[in-house]
Structures are given as C-alpha cells and as structure tokens.
Amino acid sequence: RVLSPMSVPSSDHFMIQFGGATWQNKPDSVNTGGFSRTFNMYVMLDFPFKTNPHFSVALGPGLGTDHIFLERQIADIKGTSTSIRFTRLADSAYFDKFKVSTAFLEIPVELRFTANPEASGKSFKIALGAKVGTMLAAWTKGKELMNKGGNTVNDYISKEKSKRYFNTTRIAATARVGYGHFTLFGTYALTPVFKEGVGPKMNTLSFGLTLSGL
C-alpha cells in the first residue's frame with residue numbers, strides 16, 4: 001500500500017517575517033541608503049509526510065512588502081517617459097527620507113525539515129522553497145524637504161502611487177533555518193523589480209527573522 005506523503009491532517013500557523021531588503025545588481029545611477037526593510041505575513045498550512053514526519057510541505061496566502069530607501073534621490077514612478085527616472089538631488093533640495101515601496105499578494109511553498117516533530121517548538125528546523133505573487137500596489141513616499149546644507153526647508157510628505165513601470169508578477173526563491181519558533185530567512189526575487197526595458201534590471205534580496213508556529 002502506497003502512503004500519501006500528505007495524508008496527515010494539516011495544521012495552520014501564522015508566519016511573520018521582518019528584516020532588511022536591498023536591490024541587487026543596481027547601477028551607479030541608483031543610490032540606495034538608510035535601512036531598507038521588508039515585512040511579510042502569511043497563514044501557512046503544514047502537511048507532514050506520513051512516511052517520514054520529519055518532513056512536511058507547507059503553503060498558504062499572505063502579504064509581502066518591501067521598502068527601499070533612496071539617498072538624496074527620487075524615483076518618478078508616475079512619469080510620462082517610457083522608462084522610470086531616478087533623479088539625484090545632492091546639489092539641490094532633497095527629501096530627508098524617500099522610499100520606494102511595493103506590496104504583493106503571495107503564496108509561498110516550502111519543503112520543511114524538523115529534527116523533532118513531536119516538539120517542533122524546541123527543535124532545529126530548515127525550510128527551502130519558493131513563492132509567487134501578484135502586485136497589489138507600488139508607491140513612493142518623500143518626507144521632510146531639505147536644502148543642500150542639510151537644513152529643513154519644508155516639513156511635508158509627498159506620495160505617489162503607480163504600478164506602471166513595475167513587474168506585477170514576482171517569483172522568488174526562499175530559505176529558512178533556525179530553532180524553535182524563530183528562524184533566519186533569506187529571499188531572492190528571480191524576477192526583476194521593473195518591466196523589461198523600462199528600468200534597471202535589479203532583483204530584490206531580503207533577509208531577516210521569522211516568527212512561526214512551525
């Protein structure tokens with residue numbers, strides 16, 4: 001009799017991730033700075049293998065967000081040009097903080113190994129997988145206008161929202177390793193940030209800490 005690897009009833013658990021993010025392979029024309037960050041939250045269904053309970057497959061929907069900060073530079077995501085423009089503002093007024101943010105509806109899939117499945121909260125664990133997502137929103141936010149001397153000119157917030165230049169489908173490779181309810185994670189987007197031919201060919205790399213029931 002062949003046993004199904006996922007015949008054991010599944011358990012659902014929240015998985016929350018937070019940490020840093022960066023654009024890989026960025027050209028000199030893109031000047032990132034500050035603490036760029038990521039925040040993700042998923043509801044994962046875990047299906048243990050009946051033939052080997054140390055292994056399981058998990059998947060579930062959730063939200064993935066990245067916030068990339070630019071240093072004395074803006075990104076014109078609502079421009080009329082055929083390509084996105086990154087404009088340096090080092091010699092003129094600039095925003096003290098300016099970020100490019102994206103939000104994706106995602107479904108991660110993981111192959112998990114737990115050293116002690118009977119006490120997963122006190123066990124070494126590792127997970128490899130991938131996730132696919134569709135973009136919900138993309139926006140920029142500039143805060144506190146400064147002059148080139150570093151003094152505040154105007155304390156206001158500028159916001160723009162547009163998905164025009166962005167790749168609205170994202171596929172990423174994922175990995176986690178840790179102990180108990182805490183694991184370190186790394187994610188690398190296999191699809192570039194922007195559509196082909198409209199911006200620099202950059203990929204998002206994120207890393208940080210995961211809090212999960214499994």
Side-chain angles (χ1 to χ4, degrees), residues 14-42 62-106 131 133-170 172 184-189 191-195 197-211:
F14 281 106
M15 186 168 74
I16 299 173
Q17 298 177 327
F18 53 93
T22 185
W23 285 338
Q24 293 292 98
N25 310 313
K26 63 183 178 68
D28 292 339
S29 58
V30 177
N31 188 30
T32 57
F35 179 59
S36 298
R37 56 186 180 266
T38 187
F39 177 80
N40 312 308
M41 183 170 62
Y42 309 101
L63 178 69
T65 65
D66 295 306
H67 307 273
I68 306 296
F69 282 86
L70 302 181
E71 184 72 25
R72 295 199 177 194
Q73 189 176 49
I74 63 171
D76 187 7
I77 65 169
K78 291 188 69 176
T80 57
S81 173
T82 56
S83 59
I84 187 170
R85 293 182 177 179
F86 289 84
T87 305
R88 291 184 181 272
L89 302 174
D91 297 326
S92 59
Y94 64 94
F95 286 106
D96 182 48
K97 294 181 180 179
F98 187 93
K99 66 179 180 179
V100 180
S101 300
T102 55
F104 285 84
L105 175 64
E106 297 182 316
K131 60 182 180 179
T134 183
M135 180 175 280
L136 298 176
W139 68 97
T140 61
K141 181 179 179 181
K143 183 178 181 181
E144 194 169 357
L145 194 64
M146 315 286 286
N147 61 25
K148 64 180 181 179
N151 300 311
T152 301
V153 175
N154 199 335
D155 187 10
Y156 79 103
I157 295 174
S158 173
K159 294 181 180 180
E160 289 189 339
K161 187 176 181 180
S162 175
K163 296 189 287 186
R164 177 182 178 185
Y165 298 116
F166 291 86
N167 228 331
T168 55
T169 299
R170 181 165 71 177
L184 299 176
F185 78 89
T187 301
Y188 182 76
T191 48
V193 177
F194 300 110
K195 297 175 182 176
V198 304
K201 192 172 182 179
M202 305 181 294
N203 300 71
T204 303
L205 172 67
S206 58
F207 47 87
L209 183 66
T210 299
L211 173 62

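- Residue K195 places its NZ atom among more than 12 non-hydrogen atoms of other residues, nucleotides or ligands, all under 6.0 Å distant.
- Not a single donor-acceptor pair under 3.5 Å links the side chain of R170 to the backbone N or O of K131.
- Here the straight-line distance linking atom CZ of R85 with atom CG of D76 works out to 8.0 Å at 0.5 Å rounding.
- A donor-acceptor distance shorter than 3.5 angstrom exists from the side chain of Y165 to the backbone of G79, with no hydrogens or angles considered.
- The structure places CD of E144 at 9.5 Å from OH of Y94, a figure rounded to the nearest 0.5 Å.
- Considering all non-hydrogen atoms of both residues, G142 and F95 come closest at C-CD2, 3.5 Å.
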Audit row: L184, F207, side-chain contact (heavy atoms from CB on, under 4.5 Å) steps and yes/no: CA-CA 7 Å; L184 299 176; F207 47 87; over 6 Å; no

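- To the nearest 0.5 Å, atoms NZ (K97) and CG (L70) are separated by 14.0 Å.
- Under the 3.5 Å distance criterion, the side-chain polar atoms of T38 are matched with a main-chain donor or acceptor of T65.
- Closest approach of T169 and F104 over heavy atoms only: C-CE2, 4.4 Å.
- Atom CZ of F69 sits about 4.0 Å away from atom CZ of R37, to the nearest 0.5 Å.
- Using a distance-only test at 3.5 Å, with no hydrogens or angles considered, no donor-acceptor pair links the side chain of D66 to the main chain of T102.
- I84 has its side chain within reach of I77: a pair of non-hydrogen atoms, C-beta onward, lies under 4.5 Å apart.
- Counting all heavy atoms, side chain and backbone alike, A75 lies closest to V100 at CB-CG2, 4.0 Å.
- Note that NZ of K159 is 10.5 Å distant from OG1 of T140, once rounded to the nearest 0.5 Å.
- Contact record, F194 with P200: CD1-O, 3.7 Å, taken as the closest heavy-atom pair.
- Nearest heavy-atom pair, L209 versus F185, reported as atom, atom and distance to 0.1 Å: N-CE2, 3.5 Å.
- Remark: L105 engages T134, L136 in a side chain to side chain contact (heavy atoms under 4.5 Å, CB included) (not counting sequence neighbours).
- Nearest approach of P27 to M202, heavy atoms of both residues: CD-SD, 4.0 Å.
- Scanning for salt bridge (Lys or Arg N to Asp or Glu O under 4.0 Å) contacts around K141 gives an empty result, with sequence neighbours left out.
- Atoms NZ and CH2, on K99 and W139 in that order, are 7.0 Å from each other to the nearest 0.5 Å.
- Under a cut-off of 6.0 angstrom, the local environment of CZ in R164 is crowded, with over 12 non-hydrogen atoms contributed by other residues, nucleotides or ligands.
- Residue pairs meeting the side-chain hydrogen bond (donor to acceptor under 3.5 Å, both in side chains) criterion with at least one member in residues 14-32, sequence neighbours excluded: Q17-N40, Q17-T210.
- By the 6.0 Å contact criterion, CE on M41 is open, its count of non-hydrogen atoms from other residues, nucleotides or ligands being 12 or less.
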